[in-house]
Amino acid sequence: MEIDVVLFLLRIVSGALLIAFLGVLFFVLMRDYRSATGQTQSYRRRFGRLVALTNIEGNLLETGQTYPLMPLTSLGRSPTNTIVINDDFASSEHATIALRNNQWWLEDRNSRNGTLLNGDKTEAPVIITQGDVIGIGNLSFRIELE
């Protein structure tokens, strides 16, 4: 009879351990789910926009096209970019704009023709601010931050 009691107690303990394990697993999964949901919502939030500009007789005029600025925005000809640029002088992955430590950075991705910031070629990642003009190929974009 004593062995039956020991087996019964082992069943209760193993059942309790299984329930505790499932509870911890559920807690970890919910925490990861909430974290992923928060990240997804931050990527859906618009942080500003890029306004497409065209050069007419030396003056940059808006074309009417705007593109949302995300925490990581890639520009280039490839359809995998956030902003697809239809210009033969743009590389497939031309440049990125990234939000790091509450500052916006422009980085050329080793493009063949380079990336301009306010008319100057960028050699390394550079901080960009409101109103800066990015030149890629024959196109220009003005940054409007929120």
Side-chain angles (χ1 to χ4, degrees), residues 1-54 60 62-146:
M1 185 73 114
E2 195 172 291
I3 218 149
D4 290 340
V5 172
V6 170
L7 287 175
F8 179 70
L9 290 175
L10 283 174
R11 285 182 180 171
I12 290 175
V13 168
S14 64
L17 288 173
L18 180 62
I19 290 172
F21 173 75
L22 291 175
V24 168
L25 182 66
F26 179 76
F27 172 76
V28 168
L29 288 175
M30 283 302 295
R31 187 184 65 195
D32 288 348
Y33 173 76
R34 287 183 182 144
S35 172
T37 303
Q39 277 185 330
T40 302
Q41 288 175 352
S42 74
Y43 278 101
R44 287 183 184 158
R45 179 177 165 241
R46 294 175 62 170
F47 292 88
R49 64 186 184 155
L50 292 177
V51 178
L53 305 172
T54 185
L60 291 175
E62 294 184 15
T63 63
Q65 290 180 306
T66 61
Y67 303 95
L69 194 57
M70 301 297 182
L72 181 60
T73 304
S74 59
L75 300 103
R77 280 185 305 144
S78 173
T80 58
N81 287 299
T82 310
I83 299 173
V84 178
I85 299 173
N86 295 320
D87 187 332
D88 292 335
F89 291 103
S91 298
S92 58
E93 293 185 12
H94 197 96
T96 57
I97 299 173
L99 180 62
R100 297 184 207 136
N101 298 326
N102 293 324
Q103 289 184 319
W104 289 97
W105 291 81
L106 172 67
E107 180 177 2
D108 183 72
R109 305 287 292 163
N110 297 322
S111 63
R112 190 173 359 156
N113 296 314
T115 303
L116 302 178
L117 178 63
N118 299 324
D120 298 326
K121 189 172 182 177
T122 60
E123 300 293 329
V126 61
I127 295 175
I128 54 177
T129 58
Q130 174 75 20
D132 282 345
V133 176
I134 298 171
I136 295 177
N138 294 318
L139 302 174
S140 296
F141 302 93
R142 184 179 62 237
I143 297 172
E144 293 182 357
L145 302 175
E146 292 185 9

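All values below were derived from every heavy atom in this structure, side-chain atoms included, with hydrogens, water molecules and symmetry-related copies excluded.
- No donor-acceptor distance shorter than 3.5 angstrom exists from the side chain of Ser111 to the backbone of Ser91, with no hydrogens or angles considered.
- Atom CD1 of residue Ile134 and atom CG of residue Leu75 lie 6.5 Å apart, to the nearest 0.5 angstrom.
- Closest heavy-atom contact between Asn81 and Ser92: ND2-O, 2.7 Å.
- Of all heavy-atom pairs between Asp87 and Asn138, the closest is OD2-N, 2.6 Å.
- To the nearest 0.5 angstrom, Ile85 atom CD1 is 11.5 Å from Ser78 atom OG.
- Shortest non-hydrogen contact noted between Val84 and Pro79 is CG2-CA, 3.9 Å.
- Scored by the salt bridge (charged side-chain N to carboxylate O under 4.0 Å, His left out) test, Glu93 finds no partners at all (sequence neighbours excluded).
- Across all non-hydrogen atoms, the minimal contact from Tyr67 to Ala52 is CE1-CB, 4.2 Å.
- Scored by the salt bridge (charged side-chain N to carboxylate O under 4.0 Å, His left out) test, Arg77 finds no partners at all (sequence neighbours excluded).
- For the atom pair CG of Asn110 and NE2 of His94, the computed distance is 10.5 Å after rounding to the nearest 0.5 Å.
- Interatomic distance, Leu117 CG to Glu123 CD, rounded to the nearest 0.5 Å: 12.0 Å.
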Kindly determine whether Trp105 and Ile127 satisfy side chain to side chain contact (heavy atoms under 4.5 Å, CB included), including the steps that lead there.
CA-CA 4 Å; Trp105 291 81; Ile127 295 175; 3.6 Å; yes
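- Here the straight-line distance linking atom CZ of Arg49 with atom CD of Gln65 works out to 12.5 Å at 0.5 Å rounding.
- The shortest non-hydrogen separation linking Arg142 to Gly131 is CG-O, 3.8 Å.
- Counting heavy-atom neighbours within 6.0 Å of Asp32 CG, excluding the residue itself, gives a total above 12.
- With hydrogens and angles ignored, the 3.5 Å screen pairs no side-chain donor or acceptor of Ser140 with any backbone N or O of Gly135.
- Residue Thr73 holds its OG1 atom at 9.5 Å from CG of Leu99, rounded to the nearest 0.5 Å.
- Here the shortest heavy-atom pairing between Ala95 and Arg109 reads CA-CG, 3.6 Å.
- Of the listed residues (Val133, Leu50, Thr129, Val51), just one forms a side-chain contact (heavy atoms from CB on, under 4.5 Å) with Ile143, and that residue is Leu50.
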